[in-house]
Amino acid sequence: MTRQQRRVLLILQDGIDEGRRMTQQEIAWKLGLESRSGVHRMLKALLDQGYVERGQRRGGAYRVVRRIRPLFEPYYFDSDAKELRRGDA
């Protein structure tokens with residue numbers, strides 16, 4: 001899996017966690033891409049690798065089959081406890 005494919009999969013996972021389906025245009029925008037063609041290629045590769053599936057209907061949304069974890073989890077410094085903690089501040 002390439003770094004960009006990983007980013008696409010994480011974007012899809014975040015959208016699902018928020019209760020919404022991401023369009024190819026939204027994914028392109030989050031990646032800073034001008035067109036959806038690159039997103040389409042990455043989604044096709046993820047489909048071929050078994051990470052996502054297509055919905056049954058025409059224009060069906062992608063469904064994440066195999067979830068992944070981010071390579072780096074966010075950390076913040078808790079000044080009260082004077083230590084690093086995992087998660088968002």
Side-chain angles (χ1 to χ4, degrees):
M1 175 184 301
T2 67
R3 185 174 56 199
Q4 284 289 76
Q5 290 169 358
R6 183 176 204 69
R7 289 179 66 198
V8 168
L9 189 55
L10 289 170
I11 289 169
L12 284 173
Q13 288 178 185
D14 288 346
I16 290 169
D17 292 346
E18 294 170 2
R20 53 191 302 269
R21 292 180 288 182
M22 303 295 293
T23 65
Q24 288 185 20
Q25 186 63 46
E26 289 174 315
I27 295 169
W29 179 76
K30 286 184 176 268
L31 293 173
L33 301 175
E34 294 291 321
S35 74
R36 297 184 315 239
S37 63
V39 173
H40 179 76
R41 271 194 315 276
M42 287 181 262
L43 286 170
K44 173 80 170 88
L46 291 171
L47 184 67
D48 293 343
Q49 295 171 26
Y51 284 97
V52 297
E53 289 179 347
R54 287 296 304 258
Q56 295 297 324
R57 291 195 266 163
R58 178 184 154 113
Y62 287 89
R63 183 172 72 90
V64 176
V65 178
R66 292 171 45 197
R67 294 180 70 90
I68 61 169
R69 295 182 62 203
L71 291 176
F72 302 102
E73 296 194 25
Y75 286 86
Y76 70 96
F77 185 75
D78 184 347
S79 58
D80 294 333
K82 295 187 172 66
E83 64 183 7
L84 278 177
R85 299 206 180 219
R86 188 179 310 194
D88 294 322

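Owing to the predicted nature of the structure, the values given are computational and were not obtained by experimental measurement. Computation of the quantities below employed the complete heavy-atom set of this structure, encompassing side-chain atoms and omitting hydrogens, waters and symmetry-equivalent molecules.
Remark: the backbone N or O of Thr23 is not paired with any side-chain donor or acceptor of Arg36 at under 3.5 angstrom.
Salt bridge annotation for Asp14-Lys30: absent, with no cationic side-chain nitrogen under 4.0 angstrom from a carboxylate oxygen.
Taking CG from Leu33 and CD from Gln24, the interatomic distance works out to 11.5 Å, rounded to the nearest 0.5 Å. Met42 CE to Thr2 OG1: the interatomic distance, rounded to the nearest 0.5 Å, is 7.0 Å.
Contact detail for Val52 and Leu47: the closest heavy-atom pair is O-CD1, 3.2 Å. A pairwise comparison of heavy atoms in Glu26 and Arg21 identifies OE1-O, 3.7 Å as the closest pair. The two residues Leu12 and Val64 have their closest heavy-atom pair at CB-CG2, 3.9 Å. In this structure, Ala28 and Ser35 approach most closely via the heavy-atom pair CB-O, 3.7 Å.
You'll find the side chain of Tyr62 reaches within 4.5 Å of the side chain of Arg54, heavy atoms only. Between Arg67 and Asp17, some side-chain heavy-atom pair lies under the 4.5 Å cut-off. Inter-residue side-chain proximity for Ile11 and Leu31 is flagged as met; some heavy-atom pair is nearer than 4.5 Å.
The only member of Met1, Gln13, Arg6 that meets side chain to side chain contact (heavy atoms under 4.5 Å, CB included) when paired with Tyr51 is Met1.
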Problem set entry | side chain to side chain contact (heavy atoms under 4.5 Å, CB included) between Gln4 and Arg7, worked out | CA-CA 5 Å; Gln4 284 289 76; Arg7 289 179 66 198; 3.0 Å; yes
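The cluster map of Ile, Leu, Val, Met, Phe, Trp and Tyr, joined by side-chain heavy atoms under 4.5 Å apart, puts Trp29 and Val8 in different clusters. If you chain together hydrophobic residues whose side chains sit under 4.5 Å apart, Leu46 and Val65 never meet in one group.
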